[in-house]
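The sequence lines fix the lettering, A, B, ..., with proteins before strands; numbering per chain opens at 1.
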Protein chains: 2
Amino acid sequence: MMHDEVVSRLRHVLTEGEIPPGARIPERELCASFAISRTPLREALKVLAAEGLVVLLPNRGSRAAKLTQKDVSELFEVCEALEATAGELACPRITDEQLREIADLQANMVEHYRAQDLLSYYRCNRLIHEAIVRAADNAVLAGFYESIAARIRRARFITPMSPEHWALAIREHEGILNALQRRDAGGLAHILRNHLRRKREEVVRAGFAEGE
Amino acid sequence: MMHDEVVSRLRHVLTEGEIPPGARIPERELCASFAISRTPLREALKVLAAEGLVVLLPNRGSRAAKLTQKDVSELFEVCEALEATAGELACPRITDEQLREIADLQANMVEHYRAQDLLSYYRCNRLIHEAIVRAADNAVLAGFYESIAARIRRARFITPMSPEHWALAIREHEGILNALQRRDAGGLAHILRNHLRRKREEVVRAGFAEGE
DNA sequence: AGAGCTATTTTTGAATGCAAAATAGGTCCA
DNA sequence: TGGACCTATTTTGCATTCAAAAATAGCTCT
């Protein structure tokens with residue numbers, strides 16, 4: 001198995017659930033489940049520790065990182081900056097193909113909203129944000145975004161939304177698509193910033209934090 | 001030796017010179033010079049590869065990463081966003097102590113400018129930018145900034161400056177300090193963005209790129 | 001019975017060993 | 001002479017092993 005594959009499989013295990021934040025990372029079991037020895041697994045652990053997904057306790061193993069309130073704030077602050085920048089850069093660079101893709105996702109997302117299907121809604125939502133970042137055509141930005149997104153995914157996509165917030169989010173997304181279509185970089189950055197700021201406030205207000 | 005220490009020593013070797021971009025990383029020699037075995041060194045290599053400082057060629061070893069023109073553009077684009085964000089966040093958060101520190105660094109920097117001592121100038125310059133990021137009090141932002149700064153350092157602080165650019169940079173830095181003192185977040189973000197954009201144009205124009 | 005101490009097991013971090021891949025070197029033939 | 005092919009050496013990636021640290025269990029003594 002390729003090194004990067006171990007990293008992404010481990011990242012998946014940590015972000016999409018099977019090991020909750022704060023839990024001990026069972027080196028032994030993971031080695032068995034990935035059918036590799038401890039050496040490559042430990043290499044992946046160090047990489048994810050550098051990313052902030054794992055905390056290494058010297059001589060006492062590694063645990064899935066927990067997000068504190070401060071972590072959530074910091075991650076959202078940076079995420080805001082990155083998404084706004086992505087929007088600005090995407091406006092002059094986005095292709096018609098990519099624009100169509102986002103419009104389709106948006107239509108889909110509205111369908112899911114009508115059906116009150118939160119999970120599918122979030123999936124579309126996430127794909128739209130990722131598509132905008134991709135359209136910015138900046139690999140460094142995309143890498144940072146991916147890293148941040150992995151860490152706040154839980155907080156971002158698990159915090160429940162009030163009906164009003166949901167309706168507002170939908171309107172904001174219409175504004176996002178509109179600004180992209182008009183290639184209004186400044187406007188898009190502004191909307192994205194507000195969109196994320198609102199989400200942060202919502203998450204912080206919900207008191208989302210995984211402990212100390 | 002601690003794991004993090006190996007990573008930062010290796011990062012130092014890669015950024016402050018002894019292994020030029022594109023060069024093969026001599027695993028053996030580094031093991032000897034750090035007095036460790038290959039296992040911890042390879043862990044550090046993977047971490048730095050994830051950061052973009054090292055490229056791993058499967059079955060063919062690792063090399064110090066080279067910056068292409070595209071890399072330089074991307075790094076500056078993100079650096080711009082991060083520094084502007086740092087400035088915005090720093091305005092309401094910076095302490096008087098930190099403000100004094102930056103004012104001192106600024107005075108120092110102007111001295112070095114007067115003496116036309118480029119190296120000392122760059123050192124102060126770097127310390128000022130780092131101090132602003134620190135004042136933003138956001139560890140995630142600081143981590144990303146450090147990672148970008150490490151990759152771009154050569155391009156940023158080695159590209160020669162024309163007398164006009166240097167004079168302009170000094171004026172811009174006066175504006176930066178002024179905006180900080182007035183706690184003018186929007187103004188500071190604006191100045192920082194322009195400051196970095198100018199630097200990027202300068203570096204790109206100088207054709208700084210380390211190859212493919 | 002329970003607190004505290006020691007012995008044993010388990011776990012961690014790093015060195016070593018090993019098989020596979022890549023590289024270098026040399027030989028043979030056109 | 002030049003180039004294709006084959007072998008020897010080095011290098012790489014990973015599994016294994018080993019020593020030290022931590023956790024656990026089993027004592028002793030009050």
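A 6.0 Å sphere centred on CZ of B:Arg183 holds more than 12 heavy atoms belonging to other residues, nucleotides or ligands. The 12-atom threshold is not exceeded at NE2 of A:His190, counting heavy atoms of other residues, nucleotides or ligands nearer than 6.0 Å. Other residues, nucleotides and ligands contribute more than 12 heavy atoms inside 6.0 Å of the CG atom of B:Leu57.
We find that CD of B:Glu43 is positioned 12 Å from P of D:dC14, with the value rounded to whole Å. A:Leu57 places its CG atom 17 Å from the P atom of D:dA21, with the value rounded to the nearest Å. Rounded to whole Å, atom P of C:dA15 lies 11 Å from atom CZ of A:Arg42. Following rounding to the nearest Å, B:Met2 (CE) and C:dA14 (P) show an atom-to-atom distance of 8 Å. Across the protein-nucleic acid pair, A:His3 atom NE2 and D:dT12 atom P stand 16 Å apart, rounded to whole Å. Atom CG in A:Leu56 sits roughly 18 Å away from atom P in C:dT11 (whole-Å rounding). Here the C1' atom of nucleotide D:dG13 and the CG atom of A:Asp4 are 14 Å apart, to the nearest Å. The separation between A:Arg63 atom CZ and C:dT11 atom C1' is 14 Å, rounded to whole Å.
Between atom SG of residue A:Cys124 and atom CG of residue A:Asn108 there is a gap of 4.5 Å, rounded to the nearest 0.5 Å. Rounding to the nearest 0.5 angstrom, the gap separating the CZ atom in A:Arg153 from the CZ atom in A:Arg126 is 3.5 Å.
Residues of residues 18-28 of chain A having a heavy atom closer than 4.0 Å to DNA chain D: none are found.
Across D:dA22, C:dA14, C:dT23, the shortest atom-to-atom separation from the side chain of B:Arg60 is found for C:dT23. Which of C:dA14, C:dG17, D:dA15 sits closest to the side chain of B:Arg38 comes down to C:dG17. Closest to the side chain of A:Asn59, out of D:dA15, C:dG13, C:dA15, is C:dG13.
Counting distance only, with no hydrogens placed and no angle test, the side-chain atoms of A:Thr39 and the base atoms of D:dA15 include a donor-acceptor pair under 3.5 Å.
As judged by a 4.0 angstrom heavy-atom cut-off over every strand, A:Met1 is placed among residues touching the sugar-phosphate backbone only.
Residue A:Ala35 is the one, among A:Ala35 and A:Pro58, whose nearest nucleotide of DNA chain D lies closer to the 5' end (criterion: closest heavy atom).
At distances below 3.5 Å, at least one donor-acceptor pair connects side-chain atoms of B:Ser8 with backbone N or O atoms of B:Glu5.
Under a cutoff of 6.0 Å and an axis angle of 45°, B:Arg9 and B:Phe34 form a cation-pi pair.
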